[in-house]
Amino acid sequence: MDLKKEKINIILIATSIVLFFTYILSFTNFSSTDKRKLVKTALVNNKYIDSINRFELSQGEQKITLSKEKAGGGDVWFILAENNTKILPADKELINNFIIKLTKVINMYKISDNISQNNSFGLTDSSTFCLKYYFSDSEFQQIYFGNLDFSNSFRYLMSGKTTTVYQVENTIDTFLNTKIQFWAEPNIISKQIINISPDSIQKITLSKNSKTKSFSSQQKNFREKCFDLLELRHGGIPTPEEFQLINNQNPSKIFIENGNKSTVELSLFNLDTDSKINNSVIIKTEYIFENSKNQTYSKISNWTYKKILEILEVESE
């Protein structure tokens, strides 16, 4: 009897194994019925790597423009306002990684030659993400990104030249972003516009309420003050209403003299006294070189403003 039971158990186990693998294989398609056409290409031709000078990223009513400009003797990416004036320096490393992603050869799959009615591509509605890139002042190309597919692994896209729909792995999704905080260099004093460090700063002068206070490299803890100032971060750009208010303000000013004869001038507009604006301090930052000058704007919290005064040993209002 024991031998008979043992044989039955072996049969049952073997049957279970066969059924298990049959179940697994039912999900595997060895006949290759995937009708998608594989295309190996880059989203952007790598011949444009060095010539791309502007990105316009938009989704619905949200839009951000990134432009490569000359500043401080080199190329710097800036976030532009609606009137194309420079507002903030963008994160150059982030944009370089974006360009590398765009110009890398990847697997794309052709889905359709055109966009049919009642499709799920998401390439013709307000959720469509549009990437426009310029490689000269007037020459540009566009890529439209649509919805993710059912697996959430691929995203639909098409170029601005044809209605052919492709699927691409969603590895570039991180960069499909129109938020200023995502693209902006976070530092109040840009280390991309100017070559500056705690060791290169020679003097700091604060002018506030008709009083002046100076710190030099000969003083104790001067390097620590420089380090703390350079590490401070902003919180984005002023609103149009805040831009209007700074015209009526008398700002405090900080002058930073760098060892290579360049200067950084910070004008701090404290808008806390205005009943319409709370906890808003606007900074106009000017980078002054021997033969050029750059100007940017940023917004900081009241906490950061008080931190600046603390570093410079000034009591807050």
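Along the sequence shown, residues are numbered consecutively beginning with 1.
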Check: If every non-hydrogen atom of Gln181 is compared with every non-hydrogen atom of Gly236, which pair is closest and at what distance?
Finding: NE2-CA, 4.4 Å
Item checked: Check ion pair Glu242-Lys299 (N to O, under 4.0 angstrom) -> yes
Check: Any side-chain donor paired with an acceptor under 3.5 Å for Gln141 and Tyr133?
Finding: yes
Notebook entry, point to check: Given side chains that start at C-beta, do those of Asp75 and Glu69 come closer than 4.5 Å, heavy atoms only?
Noted result: no
Checklist line | Pairwise side-chain contact, Val105 with Thr41, heavy-atom cut-off 4.5 Å (strictly under) | finding: no
Margin query: Is there a side-chain contact (heavy atoms from CB on, under 4.5 Å) between Leu43 and Ile143? Walk through the geometry before answering.
Written below: CA-CA 8 Å; Leu43 295 177; Ile143 304 173; 4.0 Å; yes
Check: Would you say Ser298 and Ile237 make side-chain contact, with heavy atoms under 4.5 Å?
Finding: no
Note to self: Once salt bridge (charged side-chain N to carboxylate O under 4.0 Å, His left out) is applied, what residue pairs with a partner in residues 141-166 remain, sequence neighbours excluded?
What the structure shows: Arg155-Asp173
Next item on the list: Flag the pair Lys110 and Asp113 as a salt bridge only when some basic side-chain nitrogen lies within less than 4.0 angstrom of an acidic carboxylate oxygen.
Entry: yes
Next item on the list: Using a 4.5 Å cut-off on heavy atoms from C-beta on, say whether the side chain of Phe255 contacts that of Ile204.
Entry: no
Check: So, do Thr85 and Ile87 sit near enough that their side-chain heavy atoms are less than 4.5 Å apart?
Finding: yes
Notebook entry, point to check: In Å and rounded to the nearest 0.5 Å, what is the CD1 to OG distance from Ile196 to Ser262?
Noted result: 6.5 Å
Check: Any salt bridge (charged side-chain N to carboxylate O under 4.0 Å, His left out) pairs touching residues 253-266, not counting sequence neighbours?
Finding: Lys253-Glu265
Margin query: Any non-hydrogen side-chain atom of Asn294 less than 4.5 Å from a side-chain atom of Lys86?
Written below: yes
Next item on the list: Please name the pair of heavy atoms, one in Phe175 and one in Leu57, separated by the smallest distance, quoted to 0.1 Å.
Entry: O-CD1, 4.3 Å
Note to self: Salt bridge check, Lys307 against Glu231: does any charged N sit closer than 4.0 Å to a carboxylate O?
What the structure shows: no
Item checked: Sequence-distant partners of Phe154, ring pair (Phe, Tyr, Trp, His ring centres under 6.0 Å), two or more places apart -> Tyr109
Notebook entry, point to check: With the 4.5 Å side-chain cut-off for hydrophobic clustering, are Leu102 and Tyr134 part of the same group?
Noted result: no
Item checked: Proximity of Phe55 and Trp183 rings by center, below 6.0 Å -> no
Next item on the list: List the steps, then state whether side-chain contact (heavy atoms from CB on, under 4.5 Å) holds for Phe78 with Thr296.
Entry: CA-CA 9 Å; Phe78 286 94; Thr296 63; 3.9 Å; yes
Next item on the list: Measure from the side-chain N and O atoms of Thr103 to the backbone N and O of Ile99, and report whether any donor-acceptor pair falls under 3.5 Å.
Entry: yes
Margin query: Using modelled atom types and a 3.5 Å cut-off, is there a donor and acceptor pairing between side-chain atoms of Ser200 and backbone atoms of Gly259?
Written below: no
Next item on the list: Check whether more than 12 heavy atoms from other residues, nucleotides or ligands sit under 6.0 Å from atom CG of Asn84, and answer yes or no.
Entry: yes
Notebook entry, point to check: Under 3.5 Å, side chain of Thr304 to main-chain N/O of Ile300, donor-acceptor pair present?
Noted result: no
Check: Checking Asn187 side chain against Ile189 main chain: does a donor-acceptor pair fall under 3.5 Å?
Finding: no
Next item on the list: Report the distance from atom CG of Asp228 to atom CG of Leu312, rounding to the nearest 0.5 Å.
Entry: 10.0 Å
Next item on the list: Rounded to the nearest 0.5 Å, what's the gap from CD1 on Ile246 to CD on Gln244? Could you check?
Entry: 10.0 Å
Check: Where is the tightest heavy-atom contact between Ile188 and Tyr287, given as atom of each residue plus distance?
Finding: O-OH, 3.6 Å
Next item on the list: Report whether Phe129 and Leu148 are members of the same hydrophobic cluster (ILVMFWY, side-chain heavy atoms less than 4.5 Å apart, transitive linking).
Entry: no
Item checked: Separation between OG of Ser252 and CD1 of Ile283, rounded to the nearest 0.5 Å -> 10.5 Å
Check: Any donor and acceptor pair, going by atom type alone, linking the side chain of Lys225 with main-chain N or O of Ile311 inside 3.5 Å?
Finding: yes
Check: Donor-acceptor pair, Ser112 side chain versus Ile115 backbone, under 3.5 Å?
Finding: no
Notebook entry, point to check: Do side-chain atoms of Gln62 reach the backbone of Gln59 as a donor and acceptor pair under 3.5 angstrom?
Noted result: no
Margin query: I need the single residue from Asn97, Asn96, Ile95 that forms a side chain to side chain contact (heavy atoms under 4.5 Å, CB included) with Glu93. Which is it?
Written below: Asn97
Margin query: Side chains of Phe269 and Asn250, heavy atoms from C-beta outward: is any pair under 4.5 Å?
Written below: no
Item checked: Backbone N/O of Leu271 and side chain of Gln249: donor-acceptor pair under 3.5 Å -> no
Note to self: Quick check on Lys68: does its NZ atom have over 12 non-hydrogen neighbours (other residues, nucleotides or ligands) under 6.0 Å away?
What the structure shows: yes
Notebook entry, point to check: Which atom names give the shortest non-hydrogen contact between Asn147 and Ser120, and what distance separates them?
Noted result: ND2-O, 3.1 Å
Margin query: Can you confirm whether more than 12 heavy atoms, excluding those of Asn114, are under 6.0 Å from its CG atom?
Written below: yes
Note to self: Let me confirm one number: the CD-NZ distance from Gln218 to Lys203, rounded to the nearest 0.5 Å.
What the structure shows: 11.5 Å
Next item on the list: Compute both the distance and the angle, then confirm whether Lys132 meets the cation-pi test with Phe140: under 6.0 Å from the six-membered ring centre, within 45 degrees of the axis.
Entry: yes
Margin query: side-chain contact (heavy atoms from CB on, under 4.5 Å) for Leu268 and Ile282? Distances and angles first, verdict last.
Written below: CA-CA 6 Å; Leu268 289 80; Ile282 309 306; over 6 Å; no
Notebook entry, point to check: Rounded to the nearest 0.5 Å, how far does CG of Leu66 lie from CZ of Phe98?
Noted result: 8.5 Å
Item checked: same_hphob_cluster(Tyr144, Ile106) at 4.5 Å side-chain heavy-atom cutoff -> no
Check: In this structure, are over 12 heavy atoms from other groups packed under 6.0 Å from Lys213 atom NZ?
Finding: yes
Margin query: So for atom CZ, which belongs to Phe227, do other residues, nucleotides or ligands contribute more than 12 heavy atoms lying within a distance under 6.0 Å?
Written below: no
Checklist line | Candidate pair Ile64 and Leu80, rule side-chain contact (heavy atoms from CB on, under 4.5 Å), full reasoning | finding: CA-CA 7 Å; Ile64 189 168; Leu80 303 187; over 6 Å; no
Checklist line | Closest non-hydrogen atom pair, Asn152 against Asn170 | finding: O-ND2, 2.9 Å
Note to self: Is the distance between the ring centroids of Phe215 and Phe222 under 6.0 Å?
What the structure shows: no
Item checked: 4.5 Å side-chain heavy-atom contact, Ile194 and Phe289 -> yes
Next item on the list: Just say parallel, tilted or perpendicular for the rings of Phe121 and Tyr156, cut-offs at 30° and 60°.
Entry: tilted
Next item on the list: Answer yes if Tyr48 and Ile100 sit in the same cluster of Ile, Leu, Val, Met, Phe, Trp and Tyr residues linked by side chain heavy atoms under 4.5 Å apart, and no otherwise.
Entry: no
Checklist line | N-O pairing of Glu56 and Arg54 below 4.0 Å | finding: yes
Notebook entry, point to check: Is a side-chain N or O of His234 found less than 3.5 angstrom from the main chain of Glu185, in a donor-acceptor match?
Noted result: yes
Check: Any idea which heavy atoms bring Ala90 and Ile79 closest together, and the distance?
Finding: CB-CG1, 4.1 Å
Item checked: Residues Glu286 and Lys293 bridged, charged N to O under 4.0 Å -> yes
Check: Does Val44 belong to the same Ile/Leu/Val/Met/Phe/Trp/Tyr cluster as Phe145, with side-chain heavy atoms less than 4.5 Å apart forming each link?
Finding: yes
